[in-house]
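Reviewing the structure listed below.
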Amino acid sequence: MRLSKLLAHGCAALSLALAAPAFADTTVIHAGHIVRDAGASYDGPATITVTDGRIVSIADGIQPAPAGAKTIDLGDKTVLPGLIDLHVHLTGDPGGDFWKETVEPDEWGVVIGVKNALATVRAGFTTVREAGSAQHTAFARRRGTAEGVIPGPRIIAAGPPLAIVGGHGDVSGFRPEINEILSSGYSCTGPVECAEKVRRASQNGADTIKITATGGVLSQQGRGLEAHFSDAEMKSIADTAHSLGLKVMAHAHGARGIEAAAKAGIDSIEHGTYLDEAAAKAMVANNTVLVPTLMAFQGVTERLGKGIYTPVVEDKIRAVAETARVFMGRARKWGVKIAFGTDAGVFAHGRNAGEFRLMMGQGMTSREALASATTVAAEVLEMQNEIGRLAPGYSADMIAVDGNPLDDATILENVGWVMVRGKTVE
Ligand SMILES: [Zn+2]
């Protein structure tokens with residue numbers, strides 16, 4: 001029953017609950033220093049009061065806690081907003097054995113994902129966007145962390161990505177009848193079928209639509225890294241998603257594929273490896289965000305030559321390694337908006353904050369890098385009134401570190417304390 005209806009009927013139990021704040025669960029946090037958001041100053045000490053999962057006040061100095069409230073004393077530590085990773089795959093650990101897909105059921109992905117959700121939140125990431133998984137694995141974990149059944153970050157999930165038949169994101173490398181069985185059912189051909197698959201994804205619980213706009217590095221397909229979907233297909237996907245209130249995140253490496261995706265109205269480019277000036281211009285003109293996933297390139301490069309990847313994949317990794325060291329810096333100079341995302345799963349979950357060092361290595365300041373993982377990422381999720389800063393009314397998602405992250409964002413690799421939705425992560 002809706003709340004308004006309950007009130008209209010004068011539900012006694014409910015009005016009692018509303019009038020009895022004594023039941024509220026209040027925690028008071030004493031912080032040595034505070035960074036309210038990436039655009040603010042390094043202040044402190046401060047007292048943050050959290051009630052029922054939300055920040056209700058932030059006061060200067062160390063203030064006494066009200067009777068009945070829990071107190072958390074963080075000593076000299078700096079409290080700042082919880083971090084956001086816009087590109088993770090909690091379902092998987094790094095590996096190269098693509099055939100495992102034939103022997104491991106989706107349920108195993110849930111088990112692995114529960115482990116990785118904890119590793120991710122302990123590393124300070126209180127919100128993640130799941131950039132592609134089997135149909136139910138990410139959605140089950142999304143509910144698990146939301147209801148407090150399992151520890152982990154808030155999860156925004158795409159579910160299975162849309163791909164061209166046999167392209168990156170679909171299945172390839174097996175006998176035809178095996179490819180058929182393993183297909184997620186989300187490959188599509190032509191604007192009409194692609195629109196249908198967007199609607200199907202929405203029907204089945206997607207928070208966002210993921211597509212693989214170009215070829216990819218870690219799949220067995222060896223058809224290059226340029227655009228795989230046609231312009232008409234990408235436009236159909238973007239328009240259909242937007243009509244349903246959903247954004248589209250597109251895996252894209254090749255420059256012309258990036259340019260085409262931006263012009264089609266895709267909201268974010270994931271990876272963006274071969275981005276050139278024309279592609280950057282199209283992104284700026286269409287307000288397309290770049291999610292560079294530099295840790296993914298780092299992760300796969302570390303694993304080269306060890307017999308982990310097949311020859312077709314090794315060739316593709318070698319081809320992108322050089323560009324991966326510079327493309328984000330170029331995009332930044334061309335004025336492309338950059339938001340934080342790592343592709344965790346391609347490297348070990350929990351190392352997500354290593355991305356800050358790599359972003360700064362390509363010219364970002366500490367303040368910009370922190371913004372990319374807080375305020376900017378929150379905007380990409382259209383959750384800028386809920387997460388990404390510390391202010392009254394916001395979800396109590398926060399972390400603590402030693403030192404000032406505005407001076408050196410790499411200290412975020414060592415997060416000492418994490419709270420998600422008002423609950424301390426153990
Ligand atoms: Zn990915």
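First listed ligand is number 1; within each ligand, the first listed atom is number 1.
- Counting backbone and side-chain atoms alike, Glu270 contributes no N/O/S atom closer than 2.8 Å to the Zn ion (ligand 1).
- Between Lys235 and Asp231 there is no salt bridge, since no side-chain nitrogen of the basic residue lies less than 4.0 Å from a carboxylate oxygen of the acidic one.
- Proximity of Met359 to Pro292: side-chain heavy atoms (C-beta onward) are separated by under 4.5 Å at one or more points.
- Taking the Zn ion (ligand 1) as reference, Asp343 places its N/O/S atom OD1 nearest.
- For His89, the nearest N, O or S atom to the Zn ion (ligand 1) falls under 2.8 Å.
- Side-chain contact of Asp37 with Tyr394: a donor-acceptor pair under 3.5 Å is absent, judged by distance alone.
- The distance from the Zn ion (ligand 1) to the nearest N/O/S atom of His271 is not under 2.8 Å.
- Ser133 and Arg141 share no side-chain donor-acceptor pair at under 3.5 Å.
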